[in-house]
Each structure stands twice: as C-alpha cells, then as structure tokens.
Amino acid sequence: MGTGLAGDSDVGGSPTAAVTRALESMGCTVFYQKPLTSSDANGSGRVVVPKAVAEQYFPHLDNQAGVPIEAADTLGNKYTFRFRFWINNQSRMYLLEGVSEMHQRYDLKVGDVMIFAHLPDSSLIVAGRPMTEEDSMRKPPLRRVNNPQSGVKRDLQKRASKPTPKSSQSKRLQKRRLQGDGVFRAIPDVVPQPESKVFSQHGVWTATIEIVGEMYQAYFDSQEDAIEAFNAAGYA
DNA sequence: AGCCATGCACCG
DNA sequence: CGGTGCATGGCT
C-alpha cells in the first residue's frame, strides 16, 4: 500500500479520514483549510486568515477590534474565537484569536491543518487534522520544490474542455452557454471528496472529480453536458 | 504591488 | 516579561 495516490494513502481509520467522514455526514461544506505555520501554532492562539478567505467567508469588519465568532467542532464542542484584523501597510491582515483550546484538543502542531466548514445553515464548523503525506507534497508552509503543471492536469484539461464534438448530432450541444464553460479547474484547499460526481446546484450543473488528491470542478448548462464531460474525463 | 509569515517594540 | 498590535521582509 501507499502508492502515494490519493485514495489509498488515507483510507480506513486514519484521523483525516475520520474527520472527513464526520464533516461529510454533517453535510458540511469545507471552505478553507489552513496548514498551520509556526506562527499559527506557537501557542499565541492566533491564526492568520488569508485576506481573500476572510473577506469571502467571514463577516465584514468595520473596525480592527473585530467580532466574536461562534464555532463548533464535529464532536459538538463549542468555541468562541475573535475575528479581527491588523493594519498592515495600507491593508488588512486578518486573524482568528482564541484558537488555543481547539488546537490543544486536536493536538495541532506546525504543518497540521485547521479546517473551516459551513453547515447547511451556514454556521461555522472547525476541525483539525494531522498533516498528511499529501500535504507535505504541497506548497506551504514547506517550500515546494518545483511543480510545473503536471501532466495529469494538462491531460485532464485537454480531455474535458471539449470544444470538439461539433460534428454530427451536436445540435443540442450548441445551445447557449450561460454560465458553464465545461472546463475543469482545480479547487484549491478543498478536502478531496471520496466520490466524484455530477450534481446540480443553483441551477448550474456541476461535475466534480478527484485526481491525485485534488478536486476539479467544471460547470455546465445541462445535465447531459455535465455527464458527457464527466464520462470523457474517465469517471463512470 | 501586495500578501502573509514572523519579528519585535511597546505597554501593562 | 507576556501579550498586543504593528513593522519588516521574503516571496510571488
């Protein structure tokens, strides 16, 4: 075992698998995972939240004192963090304060991952998991060696971005593309889901596939387009 | 051009 | 002397 491929590198009773299962069974949507830096894990109880994540998924802050943030973990433990920002240069640097208790409970250290997810009712769920072998292959906090566009990714985009089958019965494929361009794109920092699938959300058909531990997603205007590309990508 | 990891000055 | 809050600097 241990081919290095996602799927068999983390099966069974590993803590990561357990956390993933717990989150999934609760209907959680993971929106960010932070690999803890030494600053995050040095006991100060402060975790830096990337600005883009903060401004997309956390409340807007009018002042740097911030607001309390209620969260729970998958075991029902409750936490109250403080979401705030520092003035940095002319911009903001966002932090969560008060994470020590949760970090201790999960024994999180440098390189381990703090998971942020939402329940369907949008309440915040947090979880922690140890660093996986896969994490250590990724970029931060450990400097990534070099990874210029893996062949798998290239092949995937070629196969899935199908501007091709316009020959015979492609009449139905010519319907207007409103929102879906049918191109698979990597979804960074998302917990790889065990199953690839096609589903509809907000009226947009979405094909989600997992390749070597990374999730890719493409949008389509119709279910049949989605399924066709999904199958073309090698997942039936 | 600016993020963000971390250093560090200041304050109690 | 430990925490806060900002400054600095590596990296993209």
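Residue numbering restarts at 1 for every chain, and letters A, B, ... go by the order of the sequence lines.
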**OP:** Verify side chain to side chain donor-acceptor pair (under 3.5 Å) between A:Tyr106 and A:Asp112, making sure each step is shown before the conclusion.
**Re:** CA-CA 10 Å; A:Tyr106 286 84; A:Asp112 294 343; over 6 Å; no
Original post:
Which comes earlier along DNA chain C counting from the 5' end, the contact point of A:Ser44 or that of A:Asn89, where each point is its nearest nucleotide?
Top reply: A:Ser44
For [X] and [N], give me the distance from atom [atom1] to atom [atom2], rounded to whole Å.
X       : N     : atom1 : atom2 : answer
A:Gln90 : C:dT8 : CD    : P     : 13 Å
A:Asn42 : C:dG2 : CG    : P     : 13 Å
A:Lys34 : B:dC3 : NZ    : C1'   : 11 Å
A:Phe85 : C:dT4 : CZ    : C1'   : 15 Å
A:Leu96 : B:dC4 : CG    : C1'   : 15 Å
A:Leu36 : B:dC4 : CG    : P     : 15 Å

Original post:
A:Asn88 and A:Ser91: side chain to side chain donor-acceptor pair (under 3.5 Å), yes or no, with the steps?
Top reply: CA-CA 5 Å; A:Asn88 186 268; A:Ser91 185; over 6 Å; no
**OP:** Look at all strands and tell whether A:Arg84 reaches a base, only sugar-phosphate, or nothing, counting heavy atoms closer than 4.0 Å.
**Re:** sugar-phosphate
Subject >> Smallest separation among heavy atoms of A:Pro120 and A:Gly27, with atom names >> reply: CD-O, 3.4 Å
Subject >> Over all atoms of both residues, closest heavy-atom pair of A:Ala71 and A:Phe81 >> reply: CB-CE1, 3.8 Å
Original post:
Side chains of A:Phe58 and A:Phe85: closer than 4.5 Å at any heavy-atom pair?
Top reply: no
Original post:
Where along nucleotides 6-12 of chain B does protein come under 4.0 Å, by heavy atom, of base (B) or sugar-phosphate alone (S), with - for untouched nucleotides?
Top reply: B------
Original post:
So does A:Ser91 get a side-chain nitrogen or oxygen closer than 4.0 Å to the phosphate oxygens (OP1/OP2) of B:dC3?
Top reply: yes
Subject >> Atom pair OG (A:Ser123) and CD1 (A:Ile69), whose distance is rounded to the nearest 0.5 Å >> reply: 12.0 Å
Original post:
Is there a residue in residues 49-69 of chain A whose heavy atoms reach under 4.0 Å of DNA chain B, and which residues are they?
Top reply: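 The stretch gives A:Pro50, A:Lys51 as the residues lying under 4.0 Å from the strand, ordered by number.
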Side chain [X], main chain [Y], donor-acceptor under 3.5 Å:
X        : Y       : answer
A:Arg105 : A:Asn77 : no
A:Arg46  : A:Ser39 : no
A:Lys34  : A:Val48 : yes

